[in-house]
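Structure first, then comments.
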Amino acid sequence: MSSWEVKTIAQRAAEAMPESVLAGAGYVLLAVGFAAAFMALMGMALIYAERKVAAHFQCRLGPMRVGPHGIFQTVADTIKLLFKEDIVPSQSDKLLHLFAPYLSMMATLLALLVLPMSPVVQIADMNIGVLYVTAVTGFGVLGVLLAGWSSNNKWSLLGAMRAGAQIISYEVSATMALLVVVMFSGSMQLSKIVESQAEGWWIWRAPVIGLVSFVIFLIASLAEISRTPFDLPEGESELTAGFHTEYSGLRFAMFFLAEFINMFIVAGMAATLFLGGWMPFHIGGFDTFNSVMDLLPPGAWFSLKSGLVVFLIMWFRWTFPRLRVDQLMKLEWKILLPIGFVNLFAAAASVVFGWYFFPIR
Amino acid sequence: MVVSESNQVVAPPIQRGGFFSNLATGLKSLLKGMGITFHYFSRPSTVVTQQYPENRATLKMFDRYRMRLSLPHDENGFHKCTACTICEQACPNSSIRIVSRKGAVTNKTELDRFIWRMDSCTFCNACVVACPFSCLKMSGDFECSVYDKSLLVFNLTRYAGPTSTVLMKVTDPQERAKMWEPRDVYSGPVPLRGTAVPGGGRTLGAPEPVKASAPVAAPTPAPATAPAASATALAVEEEGGKK
Ligand code: SF4
Ligand code: SF4
């Protein structure tokens with residue numbers, strides 16, 4: 001079954017390096033270029049998708065003017081943002097103010113590096129992949145906190161404090177849900193986790209437990225990337241624009257882009273961990289069915305799955321109202337965390353006793 | 001609404017369940033909300049956005065849309081307004097001014113001009129609701145941009161004279177024609193209560209014009225369809241008013 005050979009760009013670079021430094025450097029450049037281009041293009045595509053989806057949820061049409069069905073609207077907006085004046089408030093902490101968006105962006109970029117999009121489209125594959133993703137996404141809060149603090153603005157600071165409390169709280173639940181998958185697949189390496197789902201995806205192979213941890217992961221990571229209904233750090237009705245109130249031009253665009261790429265990363269991680277990543281839809285033992293499913297290349301499966309989760313996230317955004325700060329904390333500490341704990345124990349038990357479909361060991 | 005024994009309205013009791021029932025209700029209501037939003041998402045026919053300049057030829061405004069106030073005239077060209085001024089009193093910001101006169105033939109009060117200031121109208125619909133004869137209607141005609149604010153003061157009636165009911169009782173067209181004279185959108189003095197109006201000549205705080213007893217002099221008919229010409233006419237009349 002596991003006929004997939006995972007070969008990351010980092011591996012290729014390492015292999016090429018001893019023979020020719022140039023080839024190795026070429027792979028490194030390829031990785032850098034891929035990450036940069038991916039962020040820019042994906043950001044634009046996601047913003048366009050978000051606007052269209054939002055519009056249709058609200059009985060509108062969304063962008064329609066720039067290009068057919070407004071497909072060049074975000075390109076135009078990006079160009080506009082690039083040429084806008086970058087205002088740094090005079091009373092701000094200038095160095096931190098300038099530095100914060102990059103920090104935010106860096107967290108996103110670092111997480112993007114390990115996302116397995118297909119057996120060959122993955123920049124690096126670490127043996128501690130899950131831990132790494134948890135660590136670097138937590139990094140993003142630093143950028144948000146710095147932005148809020150250095151802006152010297154009450155809205156910014158309030159938004160940043162909310163973001164800090166929110167992200168740190170929800171990280172616990174998100175990790176709890178991740179651990180379930182780590183236990184089931186017996187590895188933290190993202191490519192191994194994907195390969196462990198060759199017989200079926202964890203969301204259904206571990207009955208109930210998989211679904212529960214998928215939901216917990218989705219909720220908690222929505223809170224981590226502060227998407228609606230958890231957009232308290234930038235709740236525009238309360239805090240103007242939250243932590244990026246004082247940002248404009250390119251630096252604002254960076255926060256904005258980071259936010260949307262984060263959404264993709266959450267979708268990609270959810271797809272990788274629970275929906276089989278680039279692994280086609282397989283049911284252990286049904287070989288004919290599985291080979292039919294293999295007709296679609298892994299990259300397409302990954303795009304489909306992460307696209308689905310992205311749509312789900314947008315759907316949440318345009319349906320659910322924003323939580324209050326106390327409700328936010330209550331949801332995490334009183335509801336998600338207990339359920340996550342129970343779920344974790346249940347997962348441990350079912351791993352030990354093999355109470356799931358197609359046990360690995 | 002829950003009413004207690006002492007006849008006071010009290011808030012309905014909040015239903016609080018346990019952890020799991022709350023969770024279930026919460027999830028259920030979230031899913032219900034998602035169902036509603038997906039209903040709209042999956043049906044492009046629910047989109048209400050109009051691609052305005054492109055579909056200008058086919059655009060049909062909605063019944064509830066409120067723009068230019070109109071005093072509909074029937075197939076004979078007569079309206080139903082009795083100049084009762086109820087709409088004028090109902091208007092919260094004095095955007096309506098009814099100028100009435102004593103009918104030449106009937107010797108009864110009849111509408112001379114129905115002046116409506118679009119520049120101060122808030123499209124609140126109060127006049128339409130207030131009219132006891134349902135003569136007013138908010139039309140969907142929204143392309144009202146002009147370069148001169150004074151062109152937003154309209155006269156809505158096309159003739160000075162009694163209502164269609166009175167007019168249609170007179171069967172002889174010759175006799176009927178004696179009962180009314182034409183009015184157009186812009187020409188003539190259009191004073192509104194207490195405000196200076198282009199062509200009006202009266203300023204803030206000036207006394208109320210004598211209404212029915214002294215009919216406003218019928219102006220020379222000006223072309224109704226040429227705003228520029230009308231504006232000139234207004235300017236000329238303002239000169240006359242100052243003398
Ligand atoms: S719509 Fe309201 S503001 Fe406008 S004329 Fe009628 S009553 Fe006055
Ligand atoms: S429009 Fe109606 S309310 Fe206004 S004066 Fe005429 S009849 Fe009276």
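Heavy atoms only: backbone and side chains are in, while hydrogens, waters and symmetry mates are out. The chains referred to below are lettered A, B, ... by the order of the sequence lines, with proteins before strands, and numbering in each begins at 1.
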Would you mind checking which part of A/Ile339 comes under 4.5 Å of any heavy atom in chain B, side chain (CB onward), backbone (N, CA, C, O), both or neither?
side chain
Determine whether B/Phe19 and A/Ile335 make a side-chain contact, defined as any pair of heavy atoms from C-beta on separated by less than 4.5 Å.
yes
Side chain from CB out, backbone as N, CA, C, O: work out which of these in B/Phe38 comes under 4.5 Å of a heavy atom of chain A, or both, or neither.
both
Using a 4.5 Å heavy-atom cutoff, which residues in residues 260-268 of chain A come close to chain B?
none
Do chain A and chain B have donor-acceptor pairs under 3.5 Å, and which are they?
{"residue": "A/Cys59", "atom": "O", "partner": "B/Val48", "partner atom": "N", "Å": "3.0"}
{"residue": "A/Leu61", "atom": "N", "partner": "B/Thr49", "partner atom": "OG1", "Å": "3.3"}
{"residue": "A/Arg65", "atom": "NH2", "partner": "B/Glu54", "partner atom": "OE1", "Å": "3.2"}
{"residue": "A/Trp315", "atom": "NE1", "partner": "B/Met34", "partner atom": "O", "Å": "3.1"}
{"residue": "A/Trp315", "atom": "NE1", "partner": "B/Thr37", "partner atom": "OG1", "Å": "3.1"}
{"residue": "A/Thr319", "atom": "OG1", "partner": "B/Thr37", "partner atom": "OG1", "Å": "2.8"}

Would you mind checking which part of A/Val215 comes under 4.5 Å of any heavy atom in chain B, side chain (CB onward), backbone (N, CA, C, O), both or neither?
neither
Is it the case that more than 12 heavy atoms not belonging to B/Phe20 sit under 6.0 Å from its CZ atom?
no
Below 4.5 Å from any heavy atom of chain B, which atoms of A/Phe320 appear? Answer side chain, backbone, both or neither.
side chain
Are there over 12 heavy-atom neighbours, none belonging to A/Phe311, within less than 6.0 Å of that residue's CZ?
yes
Heavy-atom proximity to chain A below 4.5 Å, by part of B/Ile36:
neither
Can you confirm whether more than 12 heavy atoms, excluding those of A/Met329, are under 6.0 Å from its CE atom?
yes
Which residues share a side chain to side chain contact (heavy atoms under 4.5 Å, CB included) with A/Ala300, sequence neighbours left out:
A/Leu296, A/Pro297
For A/Val342, give me all partners under side chain to side chain contact (heavy atoms under 4.5 Å, CB included), at least two apart in sequence or on another chain.
none
